[in-house]
Amino acid sequence: MKIAVIGATGMVGTVLLKVLEERNFPLTELLPVASTRSIGRELVFKDKLYKIIGIEEALKAKPTLAIFSAGGETSLKWATKFAEQGTTVIDNSSAWRMDPTKKLIVPEINANILTKEDTIIANPNCSTIQMVMALAPLHKKYKMRRVVVSTYQSVSGTGIHAVRQMENEENGIKGAMAYPYQIHQNAIPHCDVFEENGYTKEELKLAREPQKILDDRTFSITATAVRIPTSGGHSEAVNVEFENDFDLNEVRQILISTSGITLQDDPSTNSYPMPILAKGKDDVFVGRLRRDMTQENTLNMWIVSDNLRKGAATNAVQIAEYLMINKLI
Ligand code: A2P
């Protein structure tokens, strides 16, 4: 299987190559693609040197699969060109997520809806993936009515320029700014761009994408997304009101038995999820489970995951694995 990784030198692309390698994905040929400024440079994959190529060359090579992590503009411009010639595209950008003709997939939840006709498949937003991973099994059992989520998001989600800004500020070095303000020792309530209704795009992704993934518009989600000076993963404080009452021990059991979730919830030993523990891992970590004392049928929880792995690269590779195992590519 010939695979093109579009954006192979970026933050997600680099982790994607690592995940493909770790999971021993059965590819016969790798086509690492980056912008014109990187063409000709080399990278190592499975102890072999690969030359970085341009996207047109990758298109001509007709790969079986192309995984895009090079931003929305590149996806909008190139994904259909790949799809039209028979390449299946898994897209990490927001370009196609809410397009009604494209599927938005978290493999543990809805990969079963994929068919051979799905030539462009969207990977959800990183904050969405970790939240919906924990919400999906609980929704199935107790039926969600409303979710209130506040995020504490890693700078790695913005890209390498944001990681550099944070590191420069930590070291007292003046440099290029990825954010309108200092991120070091700060919390910026502004992820992605503002929309006219006062919400940021990130907050609207958190509100809309879970409805599409769960194929259910009967619940609502309201979000506040905040960037904090950490790089290991996104954290989320989630308050979820269900139609039906729950038993906390049963909630714990449901989460423990859900593939891809690790329950880390023991206040007596200070055990709860944190980005420094989630970094480099594929699971979504859930803890701080407790009843909301102010409202019936309502649960509070804390969800952390490495946004570059399950929030992006790992989810994309899991989609690719599903396609391959089920002979959809
Ligand atoms: P390059 O490293 O040459 O700029 P990040 O999201 O971390 O900023 O990474 C973006 C990724 O997308 C990088 O690998 C970048 O390559 C790549 N990229 C940006 N624009 C294009 C393009 N037009 N065609 C192919 N790859 C692109």
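Just so you know, ligand 1 is whichever comes first in the structure, and atom 1 is the first atom listed for that ligand.
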Could you check atom 22 (C) of ligand 1 against the protein and tell me its nearest heavy-atom contact, residue, atom and distance included? Thr74 OG1, 3.8 Å
Using only atom types and a distance under 3.5 Å, with no angle test, would you say the side chain of Thr74 pairs donor to acceptor with the backbone of Ala70? yes
Taking the cut-offs as 6.0 angstrom to the six-membered ring centre and 45 degrees off its axis, would you call Arg291 and Phe246 a cation-pi pair? yes
Check: Gly175 main-chain N/O paired with Gln165 side-chain donor or acceptor under 3.5 Å: no
Within the 4.5 Å heavy-atom criterion, are Leu135 and Val147 side-chain neighbours or not? yes
Polar contact flag for Met11 and ligand 1 (N/O pairs, less than 3.5 Å): yes
Do Ser231 and Lys279 have side-chain heavy atoms sitting under 4.5 Å apart? yes
So if I count the atoms of ligand 1 from 1 in the order they appear, which ones are less than 4.0 Å from some heavy atom of Ala8? 14 (O)
Give the residue, atom name and distance (to 0.1 Å) of the protein heavy atom nearest atom 8 (O) of ligand 1. Ile160 CG2, 4.7 Å
At a 4.0 Å threshold, what atoms of ligand 1 neighbour a non-hydrogen atom of Ser69? 11 (C), 12 (O)
Starting from atom 15 (C) of ligand 1, what is the nearest protein heavy atom, named by residue and atom, and what distance separates them? Thr9 OG1, 3.9 Å
Test item: protein heavy atom less than 4.0 Å from atom 6 (O) of ligand 1: no
N/O to N/O below 3.5 Å, does that happen between Ser35 and ligand 1? yes
Specify the protein heavy atom at minimum distance from atom 4 (O) of ligand 1: its residue, its atom name, and the distance to 0.1 Å. Arg37 NH2, 2.7 Å
Below the 3.5 angstrom mark, is there an N/O of Gly10, backbone or side chain, next to an N/O of ligand 1? yes
Can you tell me the protein heavy atom closest to atom 17 (C) of ligand 1 and the distance? Gly7 CA, 3.7 Å
What's the shortest distance from atom 3 (O) of ligand 1 to any protein heavy atom, and which residue and atom give it? Ser38 OG, 2.4 Å
Would you find more than 12 non-hydrogen atoms of other residues, nucleotides or ligands less than 6.0 Å from Tyr181 atom OH? no
Over all atoms of both residues, closest heavy-atom pair of Thr88 and Asp118: CG2-O, 3.9 Å
When you look at CZ of Arg288, are more than 12 heavy atoms from neighbouring residues, nucleotides or ligands closer to it than 6.0 Å? no
